[in-house]
Amino acid sequence: ANEQVSPDGRGWRSGALVEKKEIPQWFFKITAYAQELLDELDNLKDWPDSVKTMQRHWIGRSEGLEIDFALVYSTVAEKLTVYTTRPDTLCGVTFISVAAEHPLAKAAAESNPSLAVALSDLTKGGTAEAEIEKAEKRGVALGISAIHPITGAQVPIWAANFVLMGYGTGAVMAVPGHDQRDWEMASKYGLPITQVIAPADSAAADISAGAFTDYGVCINSGKYDGLAFQAAFDAMAGDLAAVGKATRKVNFRLRDWGVSRQRYWGCPIPMLYRADGSSVPVPLEQLPVVLPENVAFSGVTSPIKSDPNFINYTDPQTGEKLTRETDTFDTFVESSWYYARYCSPGANTMLDARANHWLPIDLYIGGIEHAVMHLLYFRFWHKIMRDVGLVSSNEPATKLLCQGMVVADTYFRQETSDGPKSYFAPTEVQVERDSKGRALSATLLKDGLAVTIGPVEKMSKSKGNGVDPQSMIDKYGADTVRLFSMFAAPPDQSLEWSETGVEGMHRFVKRIWRMVHEHLNANAGAVSEIFDASAASAEQKELRTQLHEAIAKVGRDVGERLNFNTAIAAIMELTNAISKFNDESANARALRQECWQAITLMLAPIAPHLCHRLWQLLGQETLILDQHFPTADAGALLRDDVTLAVQVNGKLRGQITLAKSSANAEIEAAARLAVAKYLEGMAVKKVIVVAGRLVSIVVA
RNA sequence: GCCCGAAUGGCGAAACAGGUAGACGCAGCGGACUUAAAAUCCGCCGGUUGGCUAAAACCACCAUGCCGGUUCGAUUCCGGCUUCGGGCACCA
C-alpha cells in the first residue's frame with residue numbers, strides 16, 4: 001500500500017526497496033458511467049458545492065483530439081496516437097513523450113538492454129499523483145522518430161516519467177513552448193523549444209524562463225497563423241480528419257476502479273480461471289463465495305492463495321477443472337452498497353424489494369475526506385444496481401452532510417529537543433490564566449511541574465486528548481452531553497471539546513429545570529388558562545413575539561439548515577427573556593406555560609430525558625415523543641414597530657423606531673432628524689431605504 | 001504540483017440573498033445572597049488608538065488573516081497573496 005512506503009522509497013517495516021510490478025487485476029468499468037456521474041451532479045441540490053466541484057474535477061471531462069504520428073523505420077507499429085486538448089499548439093511539437101510502460105517503449109527495449117534498464121529507472125518512485133507531479137521531469141530517448149502530421153518534420157520519441165499509461169493513449173505530443181512539464185524536460189535534455197502561441201493582447205511571452213500556457217493566437221504555424229484557440233482547434237481537427245490523421249475525442253481523467261487486493265481478509269472476487277487462462281464468473285446460484293476462515297497462515301501471503309480446498313473448482317455440470325481467483329475485493333466495494341443491504345436485512349438475495357422502498361437515503365452523513373473516492377464509488381454502484389433492476393432511483397442519497405472532527409487541547413513534555421513527546425490528558429493538567437483568561441502555563445496535577453501547551457488537535461490515543469463520552473455522561477447526563485455536542489459548533493465544522501463548556505450546558509439544563517418548577521409552584525400545579533392576546537400588555541406581547549420568532553428560527557435551523565448550535569442559542573435567548581419577565585398575572589402565567597411547552601417540544605429531540613419529564617410536569621398526558629414540532633403563529637410574529645439603523649456615508653450614526661406601516665417619506669424624514677448633526681452643512685446626494693433594515697444617507 | 005475548504009474578541013462561535021460585526025456560551029472581572037464555601041442571581045467584558053477626564057460615562061477613530069478593487073455600504077462579491085486543514089486513485 002502507498003501508505004506503507006516511506007518517503008525514501010522503502011517498506012516502512014522491512015526497509016526493503018520498493019519495486020513496481022505489473023500484475024493482473026480486476027477493474028470495475030466506472031469510466032462507462034463517467035458522463036452520467038458528471039451530469040447528475042447537477043441534480044444533487046442538497047449536496048455541498050465543494051463535494052460536487054471536487055467530483056467534477058476528479059471526473060475531469062476534456063474535449064480534445066487524438067492525432068496519429070506516422071513512425072519512421074519501425075517494425076513494431078506504423079503509427080503512434082497521442083491525445084491532446086491543445087491542438088492549436090501542434091506546430092510547436094518538438095518531440096513525443098510516452099509512458100515507460102507504453103508498448104512502443106517496451107518493444108524498443110527488447111533489443112536494447114541498456115534502454116530496458118533506463119526505462120525501469122524511470123518507473124522508480126511513488127505511484128501517488130502528488131509524487132509524480134512533484135518529481136523532477138525525467139526521460140529517456142527511445143531511438144525512434146515520428147513524422148509530424150502537418151510539417152512532415154521528424155521528431156524523436158522519448159519515454160517520460162510523468163506520462164501515465166492509464167490516461168488517454170499513454171502518449172503525449174510534447175510542446176515545450178506551451179506546456180510546463182514539456183518545458184522542464186526539454187530544458188533538461190537540450191531539446192528544442194519553439195513558440196507557436198502569442199498572447200492575445202499582443203504582449204510578448206518569454207518562453208526562455210518557462211512555458212507560456214495561456215490561450216492566445218497561433219504564430220509560426222503556417223496557414224494557421226493568427227487563429228485563436230477554438231478556430232485553430234477546429235481548423236486542425238478538420239484538416240487532419242480529412243486525411244485520416246485525427247479524430248475528436250472526449251476523455252475523462254477518471255480511471256477505471258482497480259478492485260483486486262492481495263490480502264486475505266476480504267470478500268473473494270468470484271471469478272474462475274480455465275486451464276487456458278481465460279476467465280468466467282462463478283455461476284449466480286453459487287454466490288456468494290465465502291472467505292474460508294479455517295485456514296493455515298504460513299508466511300506473508302494470503303493463506304487462500306495456497307489452499308487447494310479453496311482454489312480447486314470442478315464445474316458441477318461439465319466436470320471441467322477450474323481454479324478460483326484468490327484476490328479479494330477492495331473494501332471500498334462493500335462500503336459502496338452497505339446502505340442498500342441495511343434496508344433489506346436477512347434477505348436471501350443481495351437485496352430485496354425493501355431496499356427500493358426505502359432508498360434513496362434522505363440524509364447521508366460522513367467526513368469530507370470521502371468527497372471523491374467513496375462518494376463516487378457509492379454513486380457508481382447505485383447506478384449499477386439500478387441498471388440490473390435492484391433499485392429504481394438514480395442516486396443513492398438526496399442530501400449529504402460532511403461533518404467535522406472532534407478536537408481538543410493537547411499537553412506534552414519533551415525531554416530533549418528532538419526526543420519523543422509524552423502527552424497528558426487535559427484532565428491531568430491544571431492551566432494558569434491571566435486576568436483576560438489567556439492560558440499562560442500549565443502544570444501536571446500529579447507532580448506540579450510544568451507541561452507544554454500544544455495545539456488543538458483531532459482527538460487521538462497518541463495525543464492523549466481523547467475524552468470518553470461515557471465518563472461525561474456519568475457525570476452530567478446524556479442530555480447535557482448531547483446539548484453541548486450540538487451547541488459547540490455547526491456540524492460541518494470541527495468540534496472543540498471543552499469540559500467547562502459541558503459544565504456551562506449543565507447549568508443551562510438545571511436552569512430550565514428550576515425555572516419550570518418555579519413556574520409550576522407559583523401556580524400550584526400546571527396552568528390551564530389560555531393566553532388572551534387581545535388583553536395582553538406590551539411586555540406580554542413582546543415575549544409572545546419572541547417566543548414565536550424563536551419557534552420559527554429553531555424550526556428552520558433544525559429542519560433545514562442543520563445548524564443546531566444557533567437553534568440552541570435561540571432557545572437560550574428565549575429562556576433569558578422569560579427570566580426577565582416579571583409578571584404574575586393570570587395572562588402572564590398562561591403565556592409562560594405556552595413558552596415552556598414550546599421550549600420542551602423544541603429541545604426534546606436533543607435532550608429527550610429532561611423534556612419527557614418536564615412535559616409531564618407541565619400537565620400533559622401525552623408522551624412528548626408522540627408530539628409534533630411546534631409551529632410559529634404567524635399572527636404573533638407581527639410587530640407594530642420597527643427599528644431601523646441610520647447610516648451616513650456607510651457609517652452607523654443613529655437609530656429610529658417607528659410604526660411598521662410608515663411610508664418611505666416618513667422614514668426618511670425621521671432618519672434625517674436622527675442624524676441631523678452629521679448632515680449640517682452637507683448636501684444630501686442620495687437616500688437609500690432598505691425595508692425593515694436601515695436608511696443610508698449619502699452626503700458630500 | 002493539482003483540486004476543495006477554512007481564517008471573526010482571551011476561547012468556541014453568530015451575522016440565513018451585500019445592510020447596525022461579535023447573538024448565544026465558555027473563561028475572566030466586579031457585586032448580591034451566605035458565618036463561610038458551593039450553588040444561584042445581577043452587572044461588565046474587541047482595541048497598552050485618540051479626545052474629555054481624578055476615574056468613568058460619553059465622543060471619535062481602528063478592528064472579521066494580508067494587499068488591492070467594486071459599492072452609499074463588504075465578514076459576505078471580485079483579483080492577488082499568506083497560513084492551516086482535507087483529497088490526489090492500495091489508509092479507508
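A note on names: the letters A, B, ... follow the listed sequences, proteins ahead of strands, and every chain is numbered from 1.
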Which of these nucleotides, [options], is closest to any side-chain atom of [X]?
X         : options                   : answer
Arg514(A) : rC41(B), rA15(B), rU20(B) : rC41(B)
Arg253(A) : rA39(B), rC24(B), rA89(B) : rA89(B)
Arg255(A) : rA89(B), rC61(B), rC26(B) : rA89(B)

Pairing partner (Watson-Crick or G-U wobble, both distances under 3.5 angstrom) of [N]:
N       : result
rU71(B) : none
rC41(B) : rG31(B)
rA55(B) : none
rG1(B)  : rC88(B)
rA60(B) : rU49(B)

OP1 or OP2 of [N] sitting under 4.0 Å from any side-chain N/O of [X]?
X         : N       : answer
Tyr678(A) : rA60(B) : yes
His370(A) : rG87(B) : no
Asn563(A) : rA14(B) : no
Arg56(A)  : rC4(B)  : no
Arg561(A) : rA15(B) : yes
Arg653(A) : rA60(B) : yes
Arg261(A) : rC90(B) : yes
Asn649(A) : rG73(B) : no
Gln493(A) : rA14(B) : yes
Arg507(A) : rA38(B) : no

Just to be sure I understand the rule, does [X] reach a base, reach only the sugar-phosphate, or reach nothing, if contact means heavy atoms closer than 4.0 Å?
X         : value
Ala130(A) : base
Lys651(A) : sugar-phosphate
Asp49(A)  : nothing

Just by distance, do the side chain of [X] and the backbone of [Y] share a donor-acceptor pair under 3.5 Å?
X         : Y         : answer
Asn649(A) : Val699(A) : yes
Asn563(A) : Thr566(A) : no
Arg379(A) : Leu37(A)  : yes
Arg86(A)  : Thr213(A) : yes

Exercise. Taking CH2 from Trp12(A) and C1' from rC90(B), how many angstroms apart are they, rounded to a whole number?
Worked result: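 Going from Trp12(A) (CH2) to rC90(B) (C1'), I get 13 Å.
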For this session: Send over the distance from Lys52(A) NZ to rC3(B) P, rounded to a whole Å.
Result: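 The answer, rounded to whole Å, is 20 Å.
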For this session: Answer with yes or no whether Thr500(A) presents, from its side chain, a donor or acceptor under 3.5 Å of a partner atom in the base of rC26(B).
Result: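 Absent.
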Exercise. With no angle test and no hydrogens, is the base of rG1(B) tied to the side chain of Gln180(A) by a donor-acceptor pair under 3.5 Å?
Worked result: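 There is none.
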What's the gap between [N] and [M] when it is taken at their [atom1] atoms, as a whole Å value?
N       : M       : atom1 : value
rA13(B) : rC26(B) : P     : 16 Å
rU64(B) : rA14(B) : C1'   : 12 Å
rU75(B) : rU71(B) : C1'   : 16 Å
rC24(B) : rA15(B) : C1'   : 12 Å

Exercise. Do the side chains of Phe508(A) and Thr575(A) get nearer than 4.5 Å, heavy atoms only?
Worked result: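 Yes, at least one pair of side-chain atoms sits under 4.5 Å.
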Exercise. Starting at the 5' end of RNA chain B and moving along, which residue's nearest nucleotide shows up first, Gly501(A) or Leu652(A)?
Worked result: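 Going by which nucleotide is closer to the 5' end, it is Leu652(A).
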Exercise. Salt bridge or not for Lys29(A) and Asp256(A), using N-O below 4.0 Å?
Worked result: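 Answer for the salt bridge query: no.
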Exercise. Charged N to carboxylate O under 4.0 angstrom, Lys553(A) versus Glu573(A)?
Worked result: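 Answer for the salt bridge query: no.
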